[in-house]
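Some notes on the structure that comes next.
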Amino acid sequence: MRRKITLAFLILAAFLLQTTVFQYFQIASVTPNLLLILTSAFGLMRGKKEGLMVGFFSGLMIDLFYGSLFGFYALLYMYIGYLNGFFCKVFYDDDIKVHIVLVAASDLVYSMLMYVLQFLLRVRLHFFDYLAHIILPEMVYTVVLSILLYRLLFIINRKLTENEMEGQQSPWLRR
């Protein structure tokens with residue numbers, strides 16, 4: 001139960017920071033995607049199921065407040081979290097390289113799908129402009145912020161895992 005409450009708080013905090021505070025810290029008119037960092041991190045650290053759930057609720061927050069097509073972002077983030085969960089077996093505590101590569105790839109896939117589904121279908125064919133001015137700066141900004149947030153998310157995950165292990169070893173819960 002503690003894990004669910006903590007994840008709900010993290011998703012809400014990331015959403016609020018992404019949509020309010022980081023709007024003032026735009027670089028090249030792009031903001032980092034904190035919900036993508038959170039989805040990718042928990043998919044990597046905990047596996048497919050938790051990546052899917054964090055992704056779904058992260059996308060649902062965007063759908064509720066900003067989405068024009070309800071469920072689009074929830075589905076997109078859900079797939080990203082699920083695909084990052086495949087790399088849970090490659091996860092090592094001290095190695096941040098896997099996380100950086102996954103966040104960069106996830107942001108690239110996210111941005112490309114956003115371009116295809118929201119701009120290309122409206123016959124806006126300026127792909128290289130979109131790539132140079134939106135996709136790449138957002139990817140770099142998200143990866144740099146991900147490097148800074150990785151250790152915090154890792155510590156939170158480790159504390160939650162330790163609490164779960166202590167709860168399983170409690171004499172009251174043994175069968």
Side-chain angles (χ1 to χ4, degrees), residues 7-8 10-23 25-88 90-91 96-150 152-153 157:
L7 286 176
L10 284 173
I11 291 169
L12 183 64
F15 175 74
L16 289 174
L17 285 172
Q18 180 176 327
T19 57
T20 57
V21 174
F22 279 99
Q23 296 298 321
F25 296 114
Q26 292 182 354
I27 297 175
S29 73
V30 296
T31 58
N33 197 337
L34 295 176
L35 292 171
L36 189 82
I37 294 171
L38 189 68
T39 300
S40 178
F42 277 95
L44 176 65
M45 289 188 277
R46 298 288 299 171
K48 295 181 274 192
K49 183 178 177 184
E50 190 138 348
L52 184 129
M53 295 306 291
V54 170
F56 174 75
F57 287 110
S58 296
L60 192 63
M61 291 294 290
I62 295 174
D63 278 333
L64 287 174
F65 291 97
Y66 297 107
S68 58
L69 181 63
F70 189 74
F72 172 72
Y73 289 100
L75 188 65
L76 186 59
Y77 277 89
M78 188 174 69
Y79 280 133
I80 288 171
Y82 184 77
L83 291 174
N84 282 320
F86 278 108
F87 295 94
C88 182
V90 188
F91 174 67
I96 194 171
K97 291 182 289 247
V98 175
H99 177 69
I100 290 170
V101 169
L102 283 178
V103 167
S106 297
D107 195 73
L108 185 65
V109 167
Y110 171 81
S111 297
M112 295 296 268
L113 285 173
M114 293 300 294
Y115 172 76
V116 168
L117 296 174
Q118 290 191 344
F119 294 108
L120 188 63
L121 294 178
R122 294 182 186 168
V123 194
R124 296 181 185 166
L125 301 174
H126 304 290
F127 174 72
F128 292 109
D129 271 350
Y130 191 76
L131 179 72
H133 295 100
I134 304 288
I135 294 176
L136 293 179
E138 181 182 327
M139 186 174 72
V140 170
Y141 198 5
T142 301
V143 166
V144 168
L145 194 61
S146 172
I147 293 169
L148 300 174
L149 291 177
Y150 171 76
L152 175 67
L153 293 174
N157 181 52

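FYI, side chains are in, hydrogens and waters are out, and symmetry mates aren't considered; it's all heavy atoms of this structure.
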Please list, one pair per line, the donor and acceptor atoms closer than 3.5 Å that link side chains of residues 71-81 to other protein atoms, with sequence neighbours excluded.
{"residue": "Tyr77", "atom": "OH", "partner": "Asn33", "partner atom": "OD1", "Å": "2.9"}
{"residue": "Tyr77", "atom": "OH", "partner": "Asn33", "partner atom": "ND2", "Å": "3.1"}

Apply the test side-chain contact (heavy atoms from CB on, under 4.5 Å) to residues Phe127 and Met112: give CA-CA distance (whole Å), side-chain angles for both, the deciding distance (0.1 Å), then the verdict. CA-CA 10 Å; Phe127 174 72; Met112 295 296 268; 3.6 Å; yes
If the test is side chain to side chain contact (heavy atoms under 4.5 Å, CB included), which one of Leu108, Asp107, Leu113, Val109 qualifies with Ser111? Asp107
What residues, two or more places apart in sequence or in another chain, satisfy ring pair (Phe, Tyr, Trp, His ring centres under 6.0 Å) together with Phe15? Phe65
In Å and rounded to the nearest 0.5 Å, what is the CG to CG distance from Asp63 to Leu69? 7.5 Å
Close side-chain approach of Tyr66 and Thr19, heavy atoms under 4.5 Å: yes
Just how far is it from atom CD of Gln18 to atom OG1 of Thr31, taken to the nearest 0.5 Å? 6.0 Å
Please report the shortest heavy-atom distance between Met139 and Ala104, naming the atom on each side. SD-O, 3.4 Å
What pairs meet the ring-ring contact (aromatic ring centres under 6.0 Å, His included) rule with one or both residues in residues 30-60, with sequence neighbours excluded? none
State which residues pass ring pair (Phe, Tyr, Trp, His ring centres under 6.0 Å) with Phe86; sequence neighbours excluded, sorted by chain then number. Tyr82
Could you measure the distance from the OG atom of Ser146 to the CD1 atom of Ile96? Nearest 0.5 Å is fine. 6.5 Å
Is it the case that atom CZ in Phe128 sees more than 12 heavy atoms from other parts of the structure closer than 6.0 Å? no
Any non-hydrogen side-chain atom of Ile37 less than 4.5 Å from a side-chain atom of Leu153? yes
Can you measure from CG (Leu12) to CG (Leu35) and round to the nearest 0.5 angstrom? 10.0 Å
With Ile11, which of Thr39, Leu34, Leu38, Leu16 fulfils side chain to side chain contact (heavy atoms under 4.5 Å, CB included)? Leu38
Per-pair distances, 0.1 Å, donor-acceptor, side chain in residues 44-55, under 3.5 Å, sequence neighbours excluded:
{"residue": "Arg46", "atom": "NE", "partner": "Glu50", "partner atom": "OE1", "Å": "3.3"}
{"residue": "Glu50", "atom": "OE2", "partner": "Arg3", "partner atom": "NH1", "Å": "3.2"}

To the nearest 0.5 angstrom, please state how far the CG atom of Leu102 sits from the OG atom of Ser40. 5.0 Å
Would you indicate whether Phe87, at its atom CZ, is surrounded by more than 12 heavy atoms from other residues, nucleotides or ligands within a distance under 6.0 Å? no
Partner set under side-chain hydrogen bond (donor to acceptor under 3.5 Å, both in side chains) for Thr142, not counting sequence neighbours: none
